[in-house]
Each structure stands twice: as C-alpha cells, then as structure tokens.
2 protein chains.
Amino acid sequence: MLGESQAIAAFGSLAQETRLRVLRLLVQAGAEGLSAGSLAERLEVSPSNISFHLSHLERAGLIQARRQARSIIYSAAYDALRDLVRFLMEDCCAGDPRVTGRGCAPAEPPKPA
Amino acid sequence: MLGESQAIAAFGSLAQETRLRVLRLLVQAGAEGLSAGSLAERLEVSPSNISFHLSHLERAGLIQARRQARSIIYSAAYDALRDLVRFLMEDCCAGDPRVTGRGCAPAEPPKPA
DNA sequence: TAGACATTTAAAGGAATATTGAAATGTTGG
DNA sequence: CCAACATTTCAATATTCCTTTAAATGTCTA
C-alpha cells in the first residue's frame, strides 16, 4: 500500500537512465541479485556513481542490499514494484480500464464464493 | 509501445506532487477533462505554475490539450498511461508475476477468432 | 474594438540532483 | 596484521528542475 510521497520517490528513481537499467538487470537476475561491481561493469559507470544510484533506489524501497563476502549484492524488491504498479493503475489512474487494460482483472485473487 | 527515454520522461513527470495530482484529477474527469484554471484552483497553485506543469505532462505525452473558448482544456492520454503501465510491467520488470500480480492477464483484448 | 478574462511565455533566482575524483570503510586471504 | 579488493562516503562542480513575477498572447463580450 503505497502513499503519494512514496510513489513520487519511486517514480523519481525510475526517471533516470542508469537507475532504470539497474532495476531491469536486477529484476532479470531474480532473487540472487547482482553485486554493485557487476552492475557498474555492465552499465559502464564508475563504482562511486553506481553506488550513488543504488542508494537512491534503495532509499525508494525498490531494491535491497545484502553483503556477501567482499561484495554487496543488490536485488529487486518485488513487493515494492508490485505496489508501484498497483499505485499507478488504481490510485493514480482510478482503476480506469483504459489504463489497466480490458480483460486484465485488477489484481484481485479470484474470490471463493 | 514506449521506448526507454519516453518512459524516463513519463516517470519524471509523475515524480512531482503537483503533476501527479493533476493527472489524478484528469483521469477522474474523463474525456471531458478540466481547464487549466480549474486545475490551478483545485490544487491551489498559480496559473503560471500550473501551466508549467501542464506543459511538462503534455511534453511527456501523458495529457493533451484542446482549446474551448477562452479556456484550455486538458485531458488524460489514456493510451499513454496504458503504455506506461505496460512498460513498467513488461519492459522494466520482465513481466515477472511477482510484479504484475498473479491472476492478472497481460493487457490483451480478448482476441476475435 | 476596447477591456476583461484565461492562459502561456520569459527571465531570474533558488533548490534539488547528477557526476567526478579522492579519501575512508569494511572484508578477505596470505 | 598487511595488502588488495569491493564499495561507500565526501566534497566540489555541473546540471537540471521548480517557483515566482512580469509581460505577452489569444479569446470573448459589450
């Protein structure tokens, strides 16, 4: 359940090329995640720069960090991403079918009668 | 079909309180839309300020303008919003069910055989 | 067509964000 | 413990973004 200011922070995080690419790589990488260095390498940005953007994404709650030996491994925060999609469709766009897409039931599990 | 830089522009538009609220009001208002002045009033911001943010949203393709008499009426660009939701779910998040929500079919209209 | 109205444009200042390079922190293996 | 490694933090700069005010544009009505 995302509030307005959290959503703004999340959108702000996505509004930047490096961060958007980081997120894509992390979603693809799954629960295992990727180290800061590996992300820096793939995206061809400096260690200090990737660190800056990783902090930004982490503060926004879109990714999380864990240490593994010398490396720090980042991974996507799927819950937060789901909440953001939900915010965009429901809170922001009033659940309008022109936005959510017809034939796409809003994220409700099928109700047991 | 949104490209990366268009998506970044769209997210940038949503990463600001006034603009996010404008968009909400416009989605709620439907195809009829709302005038710049009416938006400025409801959101308690100056005419020139609302105009600034409306331009921003329009440049990002999220809203559109039409003139009606003295007023300029803005309305939500539902297609662009749908594309953005799609981008977030598919391009950005690899269509991962942890993000799109299980039980929510991807936005395909039921195919006429 | 003059005047009021609705909005935009332009210019300027201040605030937030991004990039860079250098120094600091924490971690591991010898 | 020391040296190399992985990453972060800091400080400085550059850039972009937001707000405000004033002036300009376009539209309608009397």
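Residue numbers start from 1 in every chain, and the chains themselves are labelled A, B, ... in the order their sequence lines are given, proteins ahead of strands. What's counted below: heavy atoms across the whole structure, side chains too, no hydrogens, waters or symmetry copies.
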For this session: Have a look at Ser13(A) and tell me which of Glu58(A), His56(A), His53(A) forms a side-chain hydrogen bond (donor to acceptor under 3.5 Å, both in side chains) with it.
Result: His56(A)
Exercise. Can you check side chain to side chain contact (heavy atoms under 4.5 Å, CB included) on Ile8(B) and Glu17(A), steps first, answer last?
Worked result: CA-CA 7 Å; Ile8(B) 286 172; Glu17(A) 194 173 318; 3.9 Å; yes
For this session: Identify, residue by residue, the members of residues 26-40 of chain A with a heavy atom below 4.0 Å from DNA chain D, and return them in order of residue number, or none.
Result: Ser35(A), Ala36(A), Gly37(A)
For this session: Would you mind reading off the distance between Ile72(A) atom CD1 and dT27(C) atom C1', rounded to a whole angstrom?
Result: 10 Å
Exercise. Are the charged groups of Arg86(B) and Asp83(B) less than 4.0 angstrom apart, N to O?
Worked result: no
For this session: Rounded off to whole Å, could you give me the CD1-to-P distance for the Ile8(A) and dC17(D) pair?
Result: 16 Å
Exercise. More than 12 foreign heavy atoms under 6.0 Å from CD of Gln28(B): is that the case here?
Worked result: yes
Exercise. Should we say atom CD of Glu4(A) is surrounded by more than 12 heavy atoms from elsewhere, each under 6.0 Å from it?
Worked result: yes
For this session: Taking only heavy atoms on the protein side, list every residue of residues 43-71 of chain B lying under 4.0 Å from any atom of DNA chain D, sorted numerically.
Result: Ser48(B), Asn49(B), Phe52(B), His53(B), His56(B), Arg67(B), Ala69(B), Arg70(B)
Exercise. Side-chain N or O of Tyr74(A) less than 4.0 angstrom from OP1 or OP2 on dA6(D)?
Worked result: no
For this session: Start with the C-alpha gap between Leu25(B) and Leu43(B), add the side-chain angles, then the distance that decides, and say whether side chain to side chain contact (heavy atoms under 4.5 Å, CB included) holds.
Result: CA-CA 10 Å; Leu25(B) 289 174; Leu43(B) 298 175; 3.8 Å; yes
Problem set entry | Distance below 4.0 Å between Gln16(B) side-chain N/O and dT19(D) OP1 or OP2 | yes
Problem set entry | Any donor-acceptor N or O pair under 3.5 Å, side chains Arg42(A), Ser38(A) | yes
For this session: Quick one: list whatever passes side chain to side chain donor-acceptor pair (under 3.5 Å) with Asn49(A), sequence neighbours left out.
Result: none
